[in-house]
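This report refers to the structure that appears directly beneath it.
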Amino acid sequence: MSEVAWWCSTQGGPWTWSWRPYVGVWIIVAVLLTWYVVGVVRSPSLTRGVRSRFWSFVAGLGVFVIAADWPVAALGASHLLSMHTLQYMLYAFGIPGFIIYGVPPDHLRRVVSRQPIRSLLKLFNRPLPALIGFNLILLATHLPNVVDGLTATQMGSFVINMAWLFSGFLFWWHIIGPLPEMNPMSYPKRLLFLLANVFAPVVPASFMLFSKFPIYSTYELAVRVGSLTSIDDQRIAAVVMKVLGVFILLGIGSVLFFKWNRHENDPVLEVIGDGG
Amino acid sequence: MQVHLKKAARFVIFPLHSMMRWIQIKCLAAFTLAVTAACVPADKRRPGDLRGFVLPEGRPKPSFVMTDTEGGAFDFRAETTGYLAFLFLGYTNCPDVCPVHMANLGAVLATLPSSLSSRVRVVMVSVDPDRDTPERLRAWLDQFDRSFIGLRGDSTQLAELERNLSVAHAVVSDEDEDRSNGYLVGHASQVFVFSPDDSLRVFYTFGTRQSDWAHDIPLLLEGAADSQ
């Protein structure tokens, strides 16, 4: 076992399959799980849909561990751009959806009433700022100098990962629309919001796919893993971002469409809303 | 009256409110762009500038004969005259610098038109000839480019070459310890580039990127180092 680190950042040398613990990841998981079990599961107000919400929250934490811990994070920070891109997909499109759905509305209300989340929601509860925020974070965190500069340190790497997570919350908040009193968008608007988020990932994905040379020095100057060249790895990363991204967005779009259909055909849901 | 006042207030307050939101969004966007811009250093290089380290004066190409991976004698000076020759001292068990240098050079040569790549010779001299058998050296180099030339010499030849290139002598780490589990060799990480007229004009340190090689190789073949 190698030395303990707070967060995963770029390491020199060849890739080895020796496990390396990242303490920050496990502390975050422990804190969130404790909060959930103590504050949410034991709460008397949680009577409806407890099981699915609990497992959704646990799935969110599971995806977080996959994205932030060894080996995906270690490969993504030091060796393979494709893993770095997979991390982005997990942070932005995986974790927040499970977490937002996993927290029951009563508890979510309590969370969003606290600062600084309340202030953030004042701005980002509108779809346009959320759209801009999500896409700006996506573009800024894929600039070569940002990636090469920040992934080199644990703090920088942590900042990138948290920025991805934040952008994911901006995205999923409007897709799920968990609190009826916060004026969630109608389903057609949610589908439009989803569609509007399809375009920005094309920019970094196109650079990755069509660039003649590797665009990130971190991965170009890393010792290769297996026989994969840095340019092939970069192309795989582009495919991960584009193809996996399209599948995820298509999946979300299908779910939204069927929920819209159910919503339209159910007069009770139409009146009270279905809470996402 | 009150209704009219309310309407008027709404007429004024709503645009102000929207404006404030827009200012917030623009501030966020400006902040993100400013942070991003701060991370992007300005590139002060001119297009014709070489990206390697250009020596103030050219130095003569070293003359040495070592054994290539086929077992034949390879006269470095004679065999590379008229070519742009890249000389690197490395070893096949190297965990980082050597495979990265070789992989990047191989990848760049594959992207160049054959009219250029055919005028380039890449030569790696092993600093660990005990482990780098001809077969092993050949197989290792073939991963990157089958045209790369691997050479082995004795310790005297290697020391002479290192002195000639003004680099530190390659040293085995943990020399006193048991070598059965493998060992590392500390060695120079520069790639020395000799122009077709047999002089050393420029060298490249670890960190040189494929785009740098691709930028410099055509310039070096045109003799750009002579004018810098």
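Sequence lines set the chain letters: A, B, ... in the order given, protein chains first and strands last, and positions in each chain run from 1. Keep in mind that what you see is a predicted model, and the values were worked out from it rather than measured.
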So how far is it from Gln210(B) CD to Ser217(A) OG, rounded to the nearest 0.5 Å?
11.5 Å

May I ask you to decide if Pro214(A)'s main-chain N or O and Arg209(B)'s side chain share a donor-acceptor pair within less than 3.5 Å?
yes

Check whether Leu139(A) gets within reach of chain B through its side chain, its backbone, both or neither, counting any heavy atom under 4.5 Å.
neither

How about CE on Met155(A), more than 12 heavy atoms from neighbouring residues, nucleotides or ligands closer than 6.0 Å, or not?
no

Would you find more than 12 non-hydrogen atoms of other residues, nucleotides or ligands less than 6.0 Å from Phe158(A) atom CZ?
yes

Report which part of Ser227(A) has an atom under 4.5 Å of a heavy atom belonging to chain B: side chain, backbone, both, or neither.
neither

Can you confirm whether more than 12 heavy atoms, excluding those of Tyr83(B), are under 6.0 Å from its OH atom?
no

Leu221(A) vs Asn104(B) side-chain heavy atoms within contact, under 4.5 Å:
yes

If you take all heavy atoms of Asp96(B) and Val223(A), which pair is closest and at what distance?
CA-CG2, 3.4 Å

Gap between atom CD of Glu220(A) and atom CG of Asp212(B) - 0.5 Å precision:
8.0 Å

Please look at Ala222(A) and chain B and tell me whether the side chain, the backbone, both or neither of the residue comes under 4.5 angstrom of a heavy atom of that chain.
backbone

Over 12 foreign heavy atoms within 6.0 Å of CZ, Phe206(B):
yes

Where on Thr229(A) is there a heavy atom nearer than 4.5 Å to chain B: the side chain, the backbone, both, or neither?
neither

